[in-house]
Each structure stands twice: as C-alpha cells, then as structure tokens.
Amino acid sequence: MTDTEENNGLIRANRHHSVGLPSMTPQELAQKIELAVRSAILAETLALEIADIPAEIVVERPKNLDHGDWATNIALQLSKKAGTNPRAVAEVLQPLLLKVLGIDAVKIAGPGFLNISLSAASQGELARDIVAKGLAFGRSDTLAGQTINIEFISANPTGPLHLGHTRWAAVGDAMARVLEAAGAKVAREFYINDRGVQMDKFGASVEAAALGNPIPEDGYHGAYILTLAQEILVQDPEIVNLAGETRTVAFREAAYKLQLADQQRVLSTFNTNFDVWYSERTLHESGAVDRGFTKLREQGHVYQEGGATWLRTTDFDDDKDRVMIKADGELTYFASDTAYYVDKRSRGFDLCIYLLGADHHGYVNRLRAVAACAGDDPEKSIQLLIGQLVKMMKGGQEVRLSKRAGNIITLEDLVDEVGVDAARYSLIRYPVDSPLLLDLDLLSSNTNDNPVHYVQYAHARIASVIRNAAELGVIPAQTSNWDSAKFNPSLLTDVREGQLLGLLADYPRVVATAAELREPHRISRYLEEVATGYHRFYDACRVLPHGDDEITELNVARLWLCAAARQVIFNGLDLLGVSAPERM
RNA sequence: GCCCGCAUAGCUCAGGGGAUAGAGCGUCUGCCUCCGGAGCAGAAGGCCGUAGGUUCGAUUCCUACUGCGGGCACCA
C-alpha cells in the first residue's frame with residue numbers, strides 16, 4: 001500500500017497474517033458482495049427489495065493495477081432502483097465488505113466502482129486449492145445435464161483435408177473439450193458425405209489414373225489421385241480385369257476406404273479424435289431418412305408440388321421452401337440433412353452444434369427451419385457456427401500450392417511447416433468469425449512473437465524451477481508429496497505475486513465463459529496473460545535459495561505459487577489439445 | 001438485387017455496456033557473476049470506418065451509409 005492510496009481515503013482493515021483463512025475466489029467474493037447488499041437492504045440502509053439484486057454479480061479483474069485485486073460495478077447497477085447515486089450506494093457497501101474476513105481494503109473509485117484488495121493470506125490460499133485440485137481445477141458444472149452433439153469438418157472422402165477443415169479440426173476439438181470442462185456430455189461427430197455424384201467422379205478419376213487414361217475434365221486432379229490408384233493396384237491387381245460399371249464401382253469403393261482411412265490417420269496425428277463417424281449411406285440404409293420424413297410429415301410441413309416433395313421451411317424464416325425429393329425421384333442433399341438432424345435428436349442430444357465454413361452460411365436459416373419443422377425450438381436444439389476462411393503466408397507471399405493436392409493447401413502441409421502444437425494453437429487463437437491469415441515464418445520461429453512458444457516456454461520454465469528445487473532438496477519433485485502444512489500463503493505479498501494469483505483465480509470463469517459462448521480462443525488469450533504474469537513474477541521474485549542460503553518459508557510459498565501456475569497453464573493447454581512440455 | 005460476416009496502433013489481431021482502449025511484431029532505450037534472456041522493464045505510435053439512435057455511461061447494443069470478404073440451385 002502506498003501513501004498516495006492513504007491520502008485518497010483508502011480504508012484498510014487489519015492485516016490477516018494467520019494461515020488458514022478461507023481462500024477467496026471471485027465466485028466467493030461475489031457471494032460476499034451479495035450478502036453485503038442483502039444485509040444493507042434488511043438494515044434499510046439501501047431502499048431496495050431483495051428481488052432487485054442482480055442474478056449475477058460481476059466481479060472482474062481491473063485492467064489497471066492500481067485498482068486493487070477485484071472490482072465490482074454493483075453500486076452502479078443498483079443506484080437507479082435505489083433512487084440515489086452510485087457513489088452513495090458504494091459508501092453503504094464499503095464498510096460491510098471491509099468486515100469480511102480476507103478482504104484487506106475496499107476503495108470507491110470513478111463513478112462508483114468498488115475496488116477490493118484481498119489479504120495476501122486469503123488470496124494465496126488459492127495456490128493450495130489449485131495444487132490440490134490438479135486437473136480438476138477450472139472444471140465446472142455450468143453445462144451439467146446437457147448432452148451436446150458437435151459436428152465438424154464433415155469432409156467428402158474424396159481428397160485430403162484442406163486448411164478450412166483444419167481450422168475446424170482444431171477449433172471443434174477444443175470446443176468439445178471446453179464444453180466437457182463445463183460439465184456437458186459431448187459427442188464429436190464427423191459426417192461422411194459418401195453418397196452422390198462427387199463420389200462417382202472421384203471413383204472415375206482414380207480408375208482413369210490407374211488405367212493410365214486421362215482424368216475426366218470434371219474429375220479430381222490432385223497428385224493424391226495417382227497415389228490412391230497405385231495403392232489400389234498393389235492391393236488388388238485383378239481389379240483392372242473387372243468390366244464396365246463394376247470396375248468403376250470397385251475403384252470408387254477402394255479409393256473411398258483408403259481416403260477415409262487417410263483422413264482418420266491425419267486427424268489422429270492432429271490430436272483430433274471423433275466419437276462418431278457417421279456415413280451418409282448408413283443414414284439411408286438404416287431407414288433414418290424415412291423416419292425423418294415421417295417426423296416432418298407428422299408436423300405438417302411437407303407438401304407436393306410440380307412432381308417434387310418439399311419442406312415448407314418458409315414457415316420458419318427461410319427465404320424459400322426446399323426440395324427433398326426431386327421430380328425425378330432422387331433425394332436431394334437437403335433431404336439427408338433433415339433426416340440427419342432428426343436422427344441426431346433421436347439419439348438423445350439436447351443440442352446439435354454445427355461448425356460450418358463461410359461458404360455454407362446460406363444453410364443457417366434452412367437448418368434452423370428444419371429443427372423448427374421437426375417440432376423443436378431452434379434456440380435450444382440447434383446452433384450453427386460459421387467460420388471464415390484461412391490463408392497462409394510465407395516469405396510475404398500467400399501460399400497457394402500444395403505438393404499433395406495441387407491448388408489446395410492441406411492439413412498436413414500446415415503441420416509440416418509448423419508442427420501440430422503451433423498449428424492447433426494458432427488456429428484456435430482467433431475468433432472464428434474473422435478471416436485468418438497465418439504467417440508461417442512467425443509460427444515456426446522460436447521468438448516471443450510466436451504465442452504458442454511463449455505459453456509453452458512459461459510452462460517449461462516453471463517445470464525447470466521445480467526440478468531444480470527438488471534437486472536442492474527444497475521440496476519433493478511431485479506436488480502430490482508436498483506438505484501442505486509448510487505452505488504459508490501470507491508470505492506472498494509482492495505485487496507480482498498478487499497479480500499472478502488474481503489471474504489464476506480467474507481461470508474457472510474463463511473456461512465457463514468460453515464454453516457458454518462457444519469461444520475457445522478465450523482460453524489461449526487467457527493463457528498468454530498467465531504466461532506474462534508468471535514471467536513478471538519470476539523476474540521480480542527469486543524462487544529458489546541462492547547458493548548455500550538457508551531454505552526459507554518464502555522459498556516454499558513461492559514454489560506453491562509456481563506449481564499452481566504450472567497447473568493452470570497445463571490445464572488450459574490441455575483444453576486446446578496442445579502439449580505442455582517439461583523441457584523445450 | 002437479397003442474405004451473412006468483418007472494419008480498433010505502421011503490420012497481424014484481442015477487447016460480453018463501465019475507469020486512462022490493449023498484446024505481439026516493427027522503431028527507439030535499458031536489464032543476465034544468481035532459478036531457462038524462447039524472458040523482463042520503459043518510450044513512441046489511436047477522431048475504435050462515417051452519421052444517427054438507445055443508455056447515467058457505447059469500441060461494445062440498434063439503424064443507415066461506405067469499404068472489404070463470402071453466399072444465393074429440383075448441385076454436392
């Protein structure tokens with residue numbers, strides 16, 4: 001505390017140095033604030049009803065260091081209903097909050113913010129909690145009871161996965177992990193478009209390549225087609241002796257199997273694993289399409305016109321009705337989409353999330369309409385997220401060509417350039433609704449302009465400190481063997497220590513918010529802040545004893561803080577599917 | 001034409017109605033006899049696209065406009 005703060009009228013309670021204070025997370029602080037408001041209302045020092053208290057009391061990390069550990073705008077929210085100005089409300093709450101054990105100081109600032117500083121002991125207790133909870137720290141039950149299907153990538157099995165797929169591979173998988181961390185039950189699903197004319201063109205292309213014929217104009221021309229053809233010939237040399245249509249189908253099916261297996265292999269190396277691979281063919285073969293039609297007919301939104309069967313999606317905000325069965329009797333792709341949605345719901349999912357590329361934004365209204373036509377509330381049962389394009393830059397030029405696939409860039413091209421961790425991290429780091437330009441020169445560099453290295457480096461640096469501590473005999477190597485009784489959190493009084501603890505305390509809220517908003521990029525941005533917070537702490541606060549110096553309680557307390565920071569970085573990177581190396 | 005998204009520092013981008021709008025890069029200045037310098041501290045750099053509206057308060061929400069990207073099917 002500085003003299004300036006004293007002069008500004010800061011009121012400060014007695015310091016609490018004793019060990020054993022309750023920890024004070026922002027959630028707990030919010031509860032204390034609510035209690036203070038309640039008691040003020042009961043004491044009639046605030047002219048309000050209990051019902052006027054907001055459902056959620058906002059407790060935030062102030063941007064400015066001078067504003068204490070936590071800030072709340074509760075006085076600004078209540079002042080109107082209380083018929084007074086915000087500062088007056090704050091003045092009522094200030095002394096009540098000061099009585100709370102663990103709150104060290106409460107300052108009224110600006111238009112009526114309450115800036116709260118915690119005692120070192122109470123704030124430092126958090127390190128003990130984090131170490132004890134381990135991997136569970138940050139997990140919550142905010143989405144408990146929800147069963148969510150998240151469908152992403154869903155590429156045709158007619159070629160390698162490209163950059164757009166790759167964005168979803170990283171973001172979709174991270175989103176699934178984040179939703180699980182918030183307590184939801186999640187299935188990751190990949191819809192295989194293994195039906196229709198694209199498959200036939202694919203088969204014909206591979207067949208032509210195998211026979212040494214020119215590939216059809218409207219076929220697939222990537223180098224991988226020839227590779228597939230050669231593999232098939234090795235597997236089954238007799239295939240060329242088949243005749244006509246039979247041979248084309250045989251090539252198509254063999255190529256399909258190989259290409260799908262390749263997609264699965266590539267995704268697995270990319271740390272993205274699906275619970276369900278759902279084939280469009282099985283959708284038709286299992287009768288799911290008929291069941292879907294039946295469901296929609298029951299709801300009364302199906303009609304015949306011009307020899308075709310239509311779904312009246314205009315009943316629910318679509319631009320035009322959509323054909324399900326064409327006049328020639330063929331099913332449309334849209335028919336599969338409707339059946340697939342109905343099928344997902346019948347498999348018990350409360351919510352179906354679709355991650356789609358920007359070129360599919362026209363699907364949003366019609367798929368929401370499908371949900372409505374099936375009798376569901378689209379607001380609850382379906383959510384469509386649109387992701388913008390990804391481009392790569394190298395040497396100041398856009399990368400357009402791929403060795404494997406001609407003029408599309410593949411997932412493997414990106415991984416070859418920068419590795420799995422950097423690829424995943426950089427794809428997840430940005431909100432999906434803005435176009436993304438990846439600079440490969442930056443991502444493959446080992447400098448701090450490469451965010452994934454910055455975060456991983458912080459983790460490795462902490463791991464190193466703890467290794468060294470174990471070697472010096474300060475503390476056991478495994479945190480599970482640490483003696484909690486020897487941790488005195490009240491010693492963590494440095495500004496940097498308080499800052500770092502405050503950041504760590506925010507982690508559960510960051511995860512819950514990322515889950516609620518379906519925005520995993522918040523995790524990475526947060527981790528970068530934690531890394532900065534750690535580096536600042538490390539720079540200012542010596543953790544280990546020098547040379548032959550005696551081991552102090554402060555050394556031990558700082559190691560607890562290190563372990564807590566390491567745990568949070570580890571947990572956060574885990575949600576992104578990015579490794580947390582012990583050494584780099 | 002209609003629909004969706006975007007517009008914030010020289011560049012790439014964060015910012016869920018709150019305080020003096022942030023980070024990295026780039027430019028400039030400092031910090032290693034000591035735990036990982038892949039780090040830290042500091043400086044410079046902004047009518048938050050334009051104009052209205054809602055609000056005690058708008059970069060944030062709404063409307064219009066301008067500019068950029070994407071999309072319109074009895075294709076898959």
Side-chain angles (χ1 to χ4, degrees), chain A residues 58 60 62-64 66-67 71 73 76-77 79-80 85-86 109-113 115 156 158 193 195-201 280 305-310 319-320 322-336 357-365 386-389 393 429-439 442 445-451 453-454 456-458 460-469 471-472 474 496 513 516-517 519 521-522 524-525 528-529 531-532 534-547 549 555 558-559 562 583-584:
Chain A
V58 178
E60 286 181 316
K63 291 174 200 160
N64 190 323
D66 301 332
H67 292 157
N73 64 352
L76 286 87
Q77 289 185 303
S79 64
K80 198 169 186 180
N85 66 69
F113 290 101
N115 291 332
N156 296 341
T158 55
N193 293 134
R195 201 172 166 278
V197 301
Q198 290 304 319
M199 286 299 289
D200 294 336
K201 288 178 183 174
E280 187 185 354
E305 191 179 294
T309 304
W310 298 70
D319 300 334
K320 54 168 85 171
R322 307 288 169 175
V323 172
M324 296 199 293
I325 306 174
K326 294 191 269 179
D328 63 7
E330 284 290 306
L331 291 170
T332 61
Y333 194 85
F334 177 71
S336 299
D359 54 341
H360 284 71
H361 101 258
Y363 286 43
V364 171
N365 279 345
I386 299 299
Q388 298 294 322
L389 300 176
M393 296 272 287
R429 188 170 181 255
Y430 304 92
V432 294
D433 51 12
S434 59
L436 183 50
L437 184 64
L438 296 179
D439 187 332
L442 292 187
S445 72
N446 290 340
T447 55
N448 68 348
D449 53 344
N450 187 348
H453 280 270
Y454 183 74
Q456 288 183 319
Y457 178 71
R461 202 181 203 189
I462 302 170
S464 167
V465 171
I466 293 175
R467 269 198 308 273
N468 294 343
E471 278 172 28
L472 290 172
V474 181
R496 307 295 202 189
T513 305
E516 188 191 333
L517 298 179
E519 289 182 349
H521 77 272
R522 288 169 183 274
S524 30
R525 299 292 171 166
E528 288 160 32
E529 283 182 46
T532 298
Y534 182 78
H535 289 313
R536 285 179 176 164
F537 152 74
Y538 181 87
D539 195 60
C541 301
R542 174 81 197 185
V543 177
L544 299 178
H546 282 114
D549 288 0
N555 299 134
R558 286 179 171 166
L559 278 164
C562 286
R583 289 187 168 87
M584 294 172 72

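Throughout, a chain's letter reflects where its sequence line sits, starting with A, and its residues are numbered from 1. Nothing here was measured: the structure is a model prediction, and the numbers come from that model.
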Novice: Does A:A460 reach a base, just sugar-phosphate, or nothing at all? Heavy atoms under 4.0 Å.
Specialist: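 Here A:A460 touches the bases of the nucleic acid.
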Novice: Pick base, sugar-phosphate or nothing for A:R496, based on heavy-atom distances below 4.0 Å to the nucleic acid.
Specialist: sugar-phosphate
Novice: Expressed as a whole number of angstroms, how long is the span from A:R322:CZ to B:C74:C1'?
Specialist: 12 Å
Novice: To the nearest Å, how far apart are A:D433 CG and B:C13 P?
Specialist: 13 Å
Novice: Rounded to whole angstroms, how far apart are CG on A:L438 and P on B:C11?
Specialist: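 My rounded result for the distance is 19 Å.
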Novice: For A:T513, report the nucleic acid contact type (base, sugar-phosphate, nothing); a contact means any heavy atom under 4.0 Å.
Specialist: base
Novice: According to the Watson-Crick and G-U wobble definitions, with both distances under 3.5 Å, which nucleotide is paired to B:G45?
Specialist: none
Novice: Expressed as a whole number of Å, how far does the C1' atom of B:A73 sit from that of B:C3?
Specialist: 15 Å
Novice: Between A:Y430 and A:R525, is there a cation-pi geometry (under 6.0 Å to ring centre, at most 45° from the normal)?
Specialist: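 Because its charged atom sits under 6.0 Å from the ring centre and within 45° of the axis, A:R525 does stack over A:Y430.
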Novice: Indicate, with a heavy-atom threshold strictly under 4.0 Å, whether A:N73 touches base, sugar-phosphate, or nothing.
Specialist: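 Counting heavy atoms under 4.0 Å across all strands, the contact made by A:N73 includes a base.
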Novice: If you take atom types as modelled and just measure distance, does the side chain of A:H535 reach the base of B:C40 with a donor-acceptor pair under 3.5 Å?
Specialist: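 No such pair is found, so the answer is no.
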Novice: Ignoring the backbone of A:V465, work out which of B:C35, B:G18, B:C40 is nearest its side chain.
Specialist: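 Nearest nucleotide to the side chain: B:C35.
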Novice: With heavy atoms under 4.0 Å as the rule, sort A:R195 into base, sugar-phosphate or nothing.
Specialist: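 Counting heavy atoms under 4.0 Å across all strands, the contact made by A:R195 is with sugar-phosphate only.
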Novice: So, for A:G329 and A:I325, which heavy atoms are closest and what is the spacing to 0.1 Å?
Specialist: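 Answer, listing the atom of A:G329 first, then A:I325: O-CG2, 3.6 Å.
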Novice: Look through every strand shown and name the nucleotide pairing with B:C31 as Watson-Crick or G-U wobble, where both distances are under 3.5 Å.
Specialist: B:G39
Novice: With rounding to the closest Å, how many angstrom separate the C1' atoms on B:C47 and B:G42?
Specialist: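 Result for the C1' pair: 28 Å, nearest Å.
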Novice: What interatomic distance, in whole Å, is found between C1' of B:U59 and the corresponding atom of B:G22?
Specialist: 12 Å
Novice: Between A:D328 and A:L544, name the one whose nearest nucleotide on RNA chain B is closer to the 5' end.
Specialist: A:L544
Novice: Classify A:P431 by what it touches in the nucleic acid, base, sugar-phosphate, or nothing, heavy-atom distance under 4.0 Å.
Specialist: sugar-phosphate
Novice: Using the C1' atoms only, state how far B:G26 lies from B:A64, rounded to an integer number of Å.
Specialist: 38 Å
Novice: Of all heavy-atom pairs between A:G306 and A:A327, which one has the smallest distance, and what is that distance?
Specialist: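 Minimum heavy-atom separation between A:G306 and A:A327: O-CB, 3.9 Å.
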Novice: Please state the C1' separation for the pair B:G17 and B:G57 - nearest whole angstrom.
Specialist: 8 Å
Novice: Identify the nucleotide, in any strand shown, that forms a Watson-Crick or G-U wobble pair with B:C25, with both distances under 3.5 Å; if there is none, say none.
Specialist: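 Here B:C25 is engaged in a pair, and the nucleotide opposite it is B:G10.
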Novice: Can you tell me the distance, in whole Å, between the CE atom of A:M324 and the P atom of B:C75?
Specialist: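 Atom-to-atom, A:M324 to B:C75, this comes out as 15 Å.
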Novice: Could one point to a donor on the side chain of A:H361 or the base of B:G5 with an acceptor on the other under 3.5 Å away?
Specialist: no
Novice: Side chain of A:K80 only, heavy atoms from C-beta on: which candidate in B:U55, B:A19, B:C40 is closest?
Specialist: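 Ranking B:U55, B:A19, B:C40 by closest atom to the A:K80 side chain puts B:U55 first.
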Novice: For A:R525, which contact category applies under a 4.0 Å heavy-atom criterion: base, sugar-phosphate, or nothing?
Specialist: sugar-phosphate
Novice: For a quick check of understanding: with a heavy-atom distance under 4.0 Å over all strands, which category does A:G306 fall into, base, sugar-phosphate or nothing?
Specialist: base
Novice: Over all heavy atoms of both residues, which pair between A:N115 and A:A71 is shortest? Give the atoms and the distance, please.
Specialist: OD1-CB, 3.4 Å
Novice: Can you tell me which nucleotide in B:G70, B:A76, B:A38 comes closest to the side chain of A:A358?
Specialist: B:G70
Novice: Quick one: on RNA chain B, does A:T332 or A:L389 contact a more 5' nucleotide (nearest heavy atom)?
Specialist: A:L389
Novice: Contact class for A:D319 (heavy atom, under 4.0 Å): base, sugar-phosphate, or nothing?
Specialist: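 No contact at all - A:D319 keeps every heavy atom at 4.0 Å or more from the nucleic acid.
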Novice: Using a heavy-atom cut-off of 4.0 Å across all strands, would you classify A:L437 as base, sugar-phosphate, or nothing?
Specialist: sugar-phosphate
Novice: Give the nucleotide from the list B:C40, B:G36, B:C34 with an atom nearest to the side chain of A:D539.
Specialist: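 Closest nucleotide to the A:D539 side chain: B:C40.
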Novice: B:U12, B:A73, B:C35: which one has an atom nearest the side-chain heavy atoms of A:V543?
Specialist: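 So the side chain of A:V543 is nearest to B:C35.
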Novice: Give a yes or no answer on whether the side chain of A:S464 reaches the backbone of A:A460 with a donor-acceptor pair at less than 3.5 Å.
Specialist: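 No, because the side chain of A:S464 does not come within donor-acceptor range (under 3.5 Å) of the backbone of A:A460.
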Novice: Select base, sugar-phosphate, or nothing to describe what A:F334 touches, counting heavy atoms under 4.0 Å on all strands.
Specialist: nothing
Novice: Looking at the side chain of A:P62, which of B:G36, B:A14, B:A19 is the nearest nucleotide?
Specialist: B:A19
Novice: So which of A:I466, A:N555, A:L559 actually passes side chain to side chain contact (heavy atoms under 4.5 Å, CB included) with A:L544?
Specialist: A:L559
Novice: Taking any strand in view, what nucleotide pairs with B:A73 in a Watson-Crick or G-U wobble way, both distances under 3.5 Å?
Specialist: none
Novice: Quote, to the nearest angstrom, the P distance that separates B:G1 from B:U55.
Specialist: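 Rounded to whole Å, the distance is 34 Å.
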Novice: Provide the closest heavy-atom pair for A:R496 versus A:A540 in the form atom of the first, atom of the second, distance.
Specialist: CG-CB, 3.7 Å
Novice: Side chain of A:L517, heavy atoms from C-beta onward: which of B:C75, B:A73, B:G16 has the nearest atom to it?
Specialist: B:G16
Novice: Taking the P atom in each of B:A9 and B:U63, what is the distance between them to the nearest angstrom?
Specialist: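 Looking at atom P only, B:A9 and B:U63 are 24 Å apart.
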Novice: In whole angstrom, what separates A:H453's NE2 from B:G24's P?
Specialist: 18 Å
Novice: Give the nucleotide from the list B:A76, B:A41, B:C35 with an atom nearest to the side chain of A:R536.
Specialist: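 Per side-chain heavy atoms of A:R536, the pick is B:A41.
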Novice: On a whole-Å scale, what distance lies between the C1' atoms belonging to B:U60 and B:A21?
Specialist: 11 Å
Novice: I'd like to know if the side chain of A:T332 reaches the main chain of A:M324, judged simply by a donor and an acceptor atom lying under 3.5 Å from each other, with no hydrogens or angles considered.
Specialist: yes
Novice: Using a 4.0 Å heavy-atom cut-off, does A:S464 contact any base of the nucleic acid, only the sugar-phosphate backbone, or nothing at all?
Specialist: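 Answer is base: heavy atoms of A:S464 come under 4.0 Å of a base.
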Novice: Applying a 4.0 Å non-hydrogen cut-off, can you work out what A:H67 is touching in the nucleic acid: base, sugar-phosphate, or nothing?
Specialist: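 Here A:H67 touches the bases of the nucleic acid.
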Novice: Donor-acceptor pair under 3.5 Å: do we get one between A:N115's side chain and the base of B:A19?
Specialist: yes
Novice: Pairing check on B:U50: which nucleotide meets the Watson-Crick or G-U wobble criteria with it, both distances under 3.5 Å?
Specialist: B:A64
Novice: Out of B:G15, B:A76, B:G36, which nucleotide sits closest to the side chain of A:N156?
Specialist: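 So the nucleotide nearest the side chain must be B:A76.
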Novice: As a test of the definition: with a 90° window around 0 for syn, would you call B:C31 syn or anti?
Specialist: anti
Novice: Looking at side-chain heavy atoms only, is the closest gap between A:F537 and A:V543 below 4.5 Å?
Specialist: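 Side chain of A:F537 against side chain of A:V543, heavy atoms only: contact under 4.5 Å found.
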Novice: Quick check, does A:Y457 stack with B:G36? I mean ring centres under 5.5 Å and planes off by under 30°.
Specialist: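 So no, this residue does not stack on that base, at least one cut-off failing.
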Novice: Which atom pair, heavy atoms only, marks the closest approach of A:M199 to A:T158?
Specialist: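 Distance-wise, the nearest heavy atoms are SD-CG2, 3.9 Å.
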Novice: Compare the minimum distances between each of B:G69, B:C40, B:U12 and the side chain of A:T532, then state the nucleotide with the smallest one.
Specialist: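 Nearest nucleotide to the side chain: B:C40.
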Novice: So, does A:N468 get its side chain near the phosphate of B:G36, meaning an N or O under 4.0 Å from OP1 or OP2?
Specialist: yes
Novice: Taking any heavy-atom pair under 4.0 Å as a contact, classify A:C541: base, sugar-phosphate, or nothing.
Specialist: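 It contacts base atoms.
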Novice: Distance check needed: B:G70 P versus A:N365 CG, whole Å only.
Specialist: 21 Å
Novice: With centres under 5.5 Å and planes under 30°, do A:Y333 and B:C75 count as stacked?
Specialist: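 Stack criterion not met.
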